[in-house]
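See structure below.
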Amino acid sequence: MHKKGMRWGSIALGLVMALAFTVGVAQAAEQSLMMATTTSTDNTGLLDYLAPKFQEATGIELKWSAMGTGKALQFGIDCNADILLVHAPPAEKKYVEEGHGIDRREVMYNDFVIIGPPSDPAGVKGMDVKDALTTIAKKGDVFVSRGDDSGTNKKEKSLWKAAGMELPDKQEWYVQTGQGMLKTILVASERDGYTMTDRGTFIKYEAENNGNPPLVVLVEGDKVLFNQYSVIIVNPENCPSVKQDLAKKFSDWITSEQGQKDIADFRLLGKALFTPNAK
């Protein structure tokens, strides 16, 4: 072959390879799903456990950013995610009603618990939530709040109101961290105080302390402590970049018989951190 022909042949081959590479990268990007989620699904290790199972089943890589539910909902409004996994039902329903999300589906639940030092300085062990919060406030024992508009923080604020009190955010004994749940628990431990957490994150904290954590569960079992988690697809009408098809595949998978079994099988210290309840 003439040298000039060889040169053009090499250029053509290079262009074909470059095009193939570009298409491959584009296809890989299309198979990547971005989720905004609450810190508890991340801190507990649940998503690290589920993501490879989801990818094996569908070929889709799951990526996520963990934050409070309030921020996760805003993340969706700002078109920075394809799907949400959150746990603040009233805020979620409003989010969908306002047209920001579609196809909200319940996935799993656990419960909230109030934890504190084993010495229980306020003497709230075994009380219902209303009496426990009233007693802590009356005695002025340290209560550490996330203060970050997360699902846990939203629930906590509603419980102060249900107990007939204003949010004690101006009281010296009420400490707001603006941090995630595990960091807030550590602050409560350092201050020998109380805090409210979801049980999954508490079990993770318990496991990190070899089953003997500095703070223990003191208030639990009240019906108002039920903690529902749901998935919501970000509305593609508002956010054209949303990968609705991939988001739907995740929503279908996590609510499927296999996805629900995987959630049920996720345990630490032999304890279930979440209970599947997809309908």
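The structure presented is a predicted model; accordingly, all values stated were derived computationally and were not measured.
Residues Asn43 and Tyr205 bring no donor and acceptor atom of their side chains to less than 3.5 Å of each other. Gln176 and Ser145 share no side-chain donor-acceptor pair at under 3.5 Å. Side chains of Trp64 and Asp42: a donor-acceptor N/O pair is present below 3.5 angstrom, by distance only. No donor-acceptor contact under 3.5 angstrom links the side chains of Asp131 and Thr134, judged on distance only. With 3.5 Å as the limit, one finds no donor-acceptor pair spanning the side chains of Thr197 and Arg146.
Side-chain atoms of Gln260 come within 3.5 Å of backbone atoms of Ala278 as a donor-acceptor pair (strictly under, hydrogens ignored). Formation of a donor-acceptor pair under 3.5 Å by the Lys139 side chain with backbone atoms of Ala122 is found in this model. The backbone N or O of Ala137 lies less than 3.5 Å from no partner atom in the side chain of Tyr174, so there is not a single donor-acceptor pair. Put simply, the side chain of Thr255 gets close to the backbone of Ser251: a donor and an acceptor are under 3.5 Å apart. Judged by distance alone, the side chain of Ser189 and the main-chain N or O of Pro214 form no donor-acceptor pair under 3.5 Å. Put simply, the side chain of Lys155 gets close to the backbone of Val224: a donor and an acceptor are under 3.5 Å apart. With hydrogens and angles ignored, the 3.5 Å screen pairs no side-chain donor or acceptor of Asn209 with any backbone N or O of Gly211.
For the pair Asp252 and Lys248, the salt-bridge criterion is met [side-chain N within less than 4.0 Å of a carboxylate O]. A salt bridge between Lys161 and Glu166 is absent, with no side-chain N of the basic residue lying under 4.0 Å from a carboxylate O of the acidic one.
Note that the CD atom of Glu257 and the CG atom of Asp262 stand 11.0 Å from one another [nearest 0.5 Å]. Atoms CD1 and NE2, from Ile77 and His100 in turn, are 4.0 Å apart once rounded to the nearest 0.5 Å. Summarising the geometry, atom CG belonging to Leu273 is positioned 6.0 Å from atom OG1 belonging to Thr44; distances are rounded to the nearest 0.5 Å. Atom CH2 in Trp253 sits 7.5 Å away from atom CD in Gln258 (nearest 0.5 Å). In this structure, the separation between CE on Met165 and NZ on Lys138 is 12.0 Å, given to the nearest 0.5 Å. Between Arg267 atom CZ and Ile203 atom CD1 the span is 9.0 Å, to the nearest 0.5 Å.
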message = Evaluate Val107 against Ile263 for side chain to side chain contact (heavy atoms under 4.5 Å, CB included), listing each step before the verdict.
response = CA-CA 9 Å; Val107 172; Ile263 291 170; 3.7 Å; yes
message = Evaluate Ile60 against Gln55 for side chain to side chain contact (heavy atoms under 4.5 Å, CB included), listing each step before the verdict.
response = CA-CA 5 Å; Ile60 302 168; Gln55 186 166 8; 6.0 Å; no
message = Please determine whether side chain to side chain contact (heavy atoms under 4.5 Å, CB included) holds for the pair Met127 and Thr135, giving the CA-CA distance in whole Å, both sets of side-chain angles, and the decisive distance to 0.1 Å.
response = CA-CA 10 Å; Met127 289 185 178; Thr135 300; 3.7 Å; yes
message = Evaluate Asp111 against Asp198 for side chain to side chain contact (heavy atoms under 4.5 Å, CB included), listing each step before the verdict.
response = CA-CA 6 Å; Asp111 62 338; Asp198 69 280; over 6 Å; no
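In the hydrophobic cluster analysis, where Ile, Leu, Val, Met, Phe, Trp and Tyr join through side-chain heavy atoms closer than 4.5 angstrom, Phe112 is grouped together with Trp160. In the hydrophobic cluster analysis, where Ile, Leu, Val, Met, Phe, Trp and Tyr join through side-chain heavy atoms closer than 4.5 angstrom, Ile83 is grouped apart from Met34. Leu46 and Ile254 fall within the same hydrophobic cluster, where Ile, Leu, Val, Met, Phe, Trp and Tyr residues are linked whenever their side-chain heavy atoms come under 4.5 Å apart, directly or through other members. Under the 4.5 Å side-chain contact rule for hydrophobic residues, Leu33 and Met35 share a cluster. Note on Val216 and Phe143: same hydrophobic cluster, where clusters join Ile, Leu, Val, Met, Phe, Trp and Tyr whose side-chain heavy atoms are under 4.5 Å apart, directly or indirectly.
Within the 4.5 Å cutoff, the side chain of Thr37 has heavy atoms near those of the Leu47 side chain. Under the 4.5 Å side-chain criterion, counting only non-hydrogen atoms from C-beta, Val142 is not in contact with Tyr194. At least one side-chain heavy atom of Leu159 sits less than 4.5 Å from a side-chain heavy atom of Met196. No side-chain heavy atom of Arg105 sits under 4.5 Å from any side-chain heavy atom of Lys279. In this structure, Leu133 and Ile114 have side chains that are in contact, with non-hydrogen atoms separated by less than 4.5 Å. Asn212 places none of its side-chain heavy atoms less than 4.5 Å from the side chain of Glu206.
Here the shortest heavy-atom pairing between Glu92 and Ala88 reads OE2-N, 2.6 Å. In plain terms, the two heavy atoms of Pro117 and Gly193 that are nearest each other are CD-O, 3.3 Å. For Ser32 against Asp82, the heavy-atom pair with the smallest separation is O-OD2, 4.4 Å. Annotation for Asp128 and Val219: closest pair C-CG1, 4.3 Å, computed over non-hydrogen atoms. The shortest non-hydrogen separation linking Asp120 to Leu218 is OD1-CD1, 3.7 Å. When every heavy atom of Ala132 is checked against every heavy atom of Val124, the shortest pair comes out as O-CG1, 3.7 Å.
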Throw together a table of side-chain donor-acceptor distances under 3.5 angstrom for residues 225-239, partners on residues two or more places apart or in other chains.
residue: Asn227; atom: OD1; partner: His87; partner atom: ND1; Å: 2.8
residue: Asn227; atom: ND2; partner: His87; partner atom: ND1; Å: 3.4
residue: Asn227; atom: ND2; partner: Asn110; partner atom: OD1; Å: 2.7
residue: Asn227; atom: ND2; partner: Tyr229; partner atom: OH; Å: 3.2
residue: Gln228; atom: OE1; partner: Asn277; partner atom: ND2; Å: 2.8
residue: Gln228; atom: NE2; partner: Met108; partner atom: O; Å: 2.9
residue: Gln228; atom: NE2; partner: Asn277; partner atom: OD1; Å: 3.2
residue: Tyr229; atom: OH; partner: Ser40; partner atom: OG; Å: 2.8
residue: Ser230; atom: OG; partner: Arg104; partner atom: NH2; Å: 3.3
residue: Asn235; atom: OD1; partner: Glu237; partner atom: N; Å: 2.9
residue: Asn235; atom: ND2; partner: Gly99; partner atom: O; Å: 2.8
residue: Asn238; atom: ND2; partner: Gly99; partner atom: O; Å: 2.7

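With ring centers used as reference points, Tyr109 lies 6.0 Å or more from Phe274.
Residue-environment remark: NZ (Lys157) exceeds the threshold of 12 foreign heavy atoms within 6.0 Å.
Residues forming a ring-ring contact (aromatic ring centres under 6.0 Å, His included) with Phe266 (at least two apart in sequence, or on another chain): Tyr49. Applying the salt bridge (Lys or Arg N to Asp or Glu O under 4.0 Å) rule to Glu208 yields no partners; only residues at least two apart in sequence or on another chain are considered.
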